[in-house]
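What you are looking at is a predicted structure, and each value in this text was computed from that prediction instead of being measured. Side-chain atoms are counted along with the backbone in the values below, which use heavy atoms only and exclude waters and symmetry mates.
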Amino acid sequence: MLNQLRPALSRVITPVGRALARTGLTPNAITLIGTCGVVGGALGFYPRGEFFWGTVVITVFVFFDMFDGAVARVTGRTSRFGAFLDSNMDRVSDAAIFAGLIFYFARQDHQDLLMIGLALFCLVAGALVSYARARAEGIGVGATVGIAERGERLIVSLVAIGLDGLGVPYVLAIGLWLLSLASAITVVQRFVAVRRQLDVLEVSEPS
């Protein structure tokens, strides 16, 4: 869904990338700074129940992290290691967000096991969505399909958490349920897509 917005986003991100490149920051440094900011925001604010300000901090660093690719392009410093680092740091950031929620729910006097389970499911399912794509590419097929790629998952989770921090009732539970369902559907979509591609390849290969 968000992939359709990439051309418009690129027109905004590229000039900022040029400005950041003039500061001497490398793409990998931007990736690491963005990750550290997200992890700090998630683990520093969420376990204490400060959902709104934690989400503000996380959102700032998520947007900052978007510029690593732009800096790489304008400086000609794109690399396979940079792509590898960025992908792995995305997983660290995602894990920190849901770990922060889990710590919060676990610290309550009356532990909300359902919410802990939902947050844990979102963490695992999100990782599986990304792993399915990476593993598919490793065996020579694609798996970019799905209703909930990382951008969509981040938007749903951060909006729900932030609104909960402003006192909107039930929004966090609804957000986690939606995210759990969308992530599970995306995993199934990617498994089906990979199986179909492999079936076609097996048929076309000479016996």
Open item on the list: Does F51 form a side-chain contact (heavy atoms from CB on, under 4.5 Å) with L163? I'd like the steps, not just the answer.
Closed with: CA-CA 8 Å; F51 289 162; L163 290 177; over 6 Å; no
Task: Audit row: V129, E149, side-chain contact (heavy atoms from CB on, under 4.5 Å) steps and yes/no - done: CA-CA 8 Å; V129 168; E149 294 193 83; 6.0 Å; no
- [ ] Kindly determine whether F103 and Y46 satisfy ring pair (Phe, Tyr, Trp, His ring centres under 6.0 Å), including the steps that lead there.
- [x] CA-CA 8 Å; F103 289 147; Y46 285 177; over 10 Å; no
Open item on the list: Determine whether R18 and T75 satisfy the following criterion, side-chain contact (heavy atoms from CB on, under 4.5 Å), listing intermediate values before the conclusion.
Closed with: CA-CA 8 Å; R18 292 195 185 97; T75 59; over 6 Å; no
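In this structure V56 satisfies the side-chain contact (heavy atoms from CB on, under 4.5 Å) test together with F52, W53, sequence neighbours excluded.
A donor-acceptor pair under 3.5 Å is absent between the side-chain atoms of S183 and the main chain of S180, judged by distance alone. A distance-only check finds a donor-acceptor pair linking the side chain of Q189 to the backbone of I147 [under 3.5 Å]. The backbone N or O of P27 lies less than 3.5 Å from no partner atom in the side chain of R77, so there is not a single donor-acceptor pair. A side-chain donor-acceptor contact under 3.5 Å links N88 to the backbone of F84. No donor-acceptor distance shorter than 3.5 angstrom exists from the side chain of S87 to the backbone of A83, with no hydrogens or angles considered. Remark: the backbone N or O of G142 is paired with a side-chain donor or acceptor of Q197 at under 3.5 angstrom. Side-chain N or O atoms of R133 include none that pairs as donor or acceptor with a backbone N or O of A143 at under 3.5 Å.
Between V92 and V38, the closest side-chain pair of non-hydrogen atoms is not below 4.5 Å. Side-chain contact between D68 and D86: present, with at least one pair of heavy atoms (C-beta onward) separated by less than 4.5 Å. Side-chain contact between F45 and I161 is absent, with no heavy-atom pair separated by less than 4.5 Å. Side-chain contact between V171 and L166: absent, with no pair of heavy atoms (C-beta onward) separated by less than 4.5 Å. By the 4.5 Å heavy-atom criterion applied to side chains, L85 and L32 are counted as neighbours. Considering only heavy atoms from C-beta on, L25 comes within 4.5 Å of I33 through its side chain. Using a 4.5 Å heavy-atom cutoff, the side chains of R91 and S130 are in contact. For the pair V145 and V192, the minimum side-chain heavy-atom distance is 4.5 Å or more.
Rounding to the nearest 0.5 Å gives a distance of 12.0 Å between CG of L120 and CZ of F105.
For the residue pair R107 and P47, the shortest heavy atom distance occurs at NH1-O, 3.2 Å. Residues A99 and L123 approach most closely at N-CD1, 4.3 Å, considering heavy atoms. When all heavy atoms of A132 and R190 are compared, the pair lying nearest together is CB-CB, 4.3 Å. Of all non-hydrogen atoms in T186 and A148, the two that sit nearest each other are OG1-N, 3.0 Å. Across every non-hydrogen atom of A119 and I102, the tightest pair is CB-CG1, 3.7 Å. In terms of heavy-atom proximity, L154 sits nearest to S157 at O-OG, 3.0 Å.
Salt bridge annotation for D199-R196: absent, with no cationic side-chain nitrogen under 4.0 angstrom from a carboxylate oxygen.
Clustering ILVMFWY residues whenever any of their side-chain heavy atoms sit less than 4.5 angstrom apart, transitively, puts F63 in the very cluster that holds V156.
Using cut-offs of 30° and 60° on the angle between ring planes, the pair F64 and F67 is perpendicular.
Partner of F61 under the side-chain contact (heavy atoms from CB on, under 4.5 Å) criterion, out of V57, D65, I58, T59: V57 alone. When L181, V187, V188 are each tested for a side-chain contact (heavy atoms from CB on, under 4.5 Å) with I185, only one passes: L181.
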